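Predicted, not measured: the structure shown is a model, and the values here were computed from it. All chains are named by letter (A, B, ...) in the order of the sequence lines, taking the proteins before the strands, and each is independently numbered beginning at 1.
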2 protein chains.
Amino acid sequence: MARPGGRSARVQESVHTAVRELTAEVGRDALTVPLVAARAGVTPSTVYRRWGDLQELLSDVAVERLRPDTAPEDHGGLRADLTAWAEQFFDEMASPPGRAYIRDALLGDPDGTNAGQCSAYAAEQIDVVLARAAGRGEAVPDTEAVMDRVVAPVMYRILFRPDGLDAGYARRLVAGLLDASG
Amino acid sequence: MARPGGRSARVQESVHTAVRELTAEVGRDALTVPLVAARAGVTPSTVYRRWGDLQELLSDVAVERLRPDTAPEDHGGLRADLTAWAEQFFDEMASPPGRAYIRDALLGDPDGTNAGQCSAYAAEQIDVVLARAAGRGEAVPDTEAVMDRVVAPVMYRILFRPDGLDAGYARRLVAGLLDASG
DNA sequence: AGCTAAAAGCTATTGATTTGCGTTTGGACA
DNA sequence: TGTCCAAACGCAAATCAATAGCTTTTAGCT
């Protein structure tokens, strides 16, 4: 991979942009490698060589979009912070586009790198919340405990049980975790 | 769908068998619809019409393979039963073929039917364990609690954090659940 | 036994994917 | 700064998966 500004970086950028634009314009199902390549001003063989196939390309784009763009809000206390974060996490992940990104990220990911990145994003956000609470002197659960008790159930149900989910479920998971450990 | 013995059933059977055989012979990555169709003694267009594409076909086969073939063993008590079941569940799901089946089941599943089926399989097994314990007079957690506290974390880590997992993790999840609720 | 709708076979055509080869690019080293 | 090299890209031919139209077979029903 070359430095920013190099040709490789330009190609990656224009191809990713083409995927985002075309997804919005023609829909995800109508995407093809030749279509994306044409929009990006690149030959299809370039895309095939760099990404392998459409799924791996979509996986890369999906991970980009799943990266949190803002730090968790500060509501003054661990419970409020964690509840608010869990609700926002749930809303983003359970929304139709969120579900699509999750699926894409998992789909074209032979070695699990992209999926691991998604998990790392969530862990980073939780770390911020927990560190802030610890700084206030609050007793805090382990990051891994939050992953097991909140993130994992949310993601499991989104993936395996698409029906009958709402943000209240995420709230209850946080409450269950905090009430048990406190 | 026709009755067993009908042509539809025969085609489905032979195509599924062809997928299983060819997966073992040439590997999953070398599978193509024309290849499977040839082995099954069927024309490719038949496969495309019934399953749409290779991913949906693989998803169907994967769900079949994820169906538990045996009831959870009876070890005389809830903790032993649940621990043993969780270990076996973990071993099956975390093994390389298990991971491949999970991915396939999620992958080619536009409406979430197959993923829901996988979840239902686990819930059924847990129901058996819990009902048996309740019959002994033991206090038992809710099935949904087991899904949230054991199944979800296991599946999440298999999908999103492929590294550094062992059966001890599943054991600890069961212990955490039972010790908290008891 | 004959009828009908669903499912499968067949084939031509499209278009995605692969592959080989020449060209360009960006970085390294003198 | 000029030259060299390897990686990445463009181009084009060839392959093969995917689609669509039409015909034939099959299984269930009266």
Once you build an axis from the first five pairs and another from the last five of the helix from dA1(C)-dT30(D) to dA30(C)-dT1(D), how far apart in angle are they, to 10 degrees? 40°
Enumerate, atom names and distances included, each donor-acceptor pair closer than 3.5 Å involving a side-chain atom of residues 120-129 of chain B, sequence neighbours excluded.
from	atom 1	to	atom 2	distance (Å)
Y121(B)	OH	R67(B)	NH1	3.3
Q125(B)	NE2	T70(B)	O	3.4
D127(B)	OD1	T143(B)	OG1	2.6

Taken to the nearest whole Å, CD/E56(B) to P/dA18(D) is 12 Å
With sequence neighbours left out, write down each residue that passes salt bridge (charged side-chain N to carboxylate O under 4.0 Å, His left out) with D148(B), or none if nothing qualifies. R157(A)
With sequence neighbours excluded, what pairs up with Y169(A) under the ring-ring contact (aromatic ring centres under 6.0 Å, His included) test? none
Between the base of dA8(D) and the side chain of R7(A), is one N or O donor paired with an acceptor at under 3.5 angstrom? yes
What is the distance, rounded to the nearest whole Å, between atom CG of D29(A) and atom C1' of dA18(D)? 16 Å
Whole angstroms only, please: what is the CD-P distance between Q55(B) and dA17(D)? 16 Å
For dG26(C), take OP1 and OP2 only and decide whether either is under 4.0 Å from a side-chain N or O of R10(A). yes
Is the shortest side-chain heavy-atom distance between L22(B) and L35(B) below 4.5 Å? yes
Heavy-atom contacts, protein to nucleotides 16-21 of chain C, under 4.0 Å, summarised as B (base), S (sugar-phosphate only) or - (none) per nt, yield SSBBB-
Are T46(B) and dA8(C) close enough that a side-chain N or O sits under 4.0 Å from OP1 or OP2? no
Beyond-backbone contact of V174(A) with R149(A), side-chain heavy atoms, under 4.5 angstrom: no
Test your reading of the model: is there a side-chain donor-acceptor pair from D109(B) to the backbone of T113(B), 3.5 Å cut-off? yes
Under the ring-ring contact (aromatic ring centres under 6.0 Å, His included) test, residues paired with F90(B) that sit two or more places apart: none
Atom CD of Q12(B) and atom C1' of dA6(C): how far apart are they, to the nearest Å? 16 Å
Any salt bridge between R132(A) and E138(A), counting N to O under 4.0 Å? no
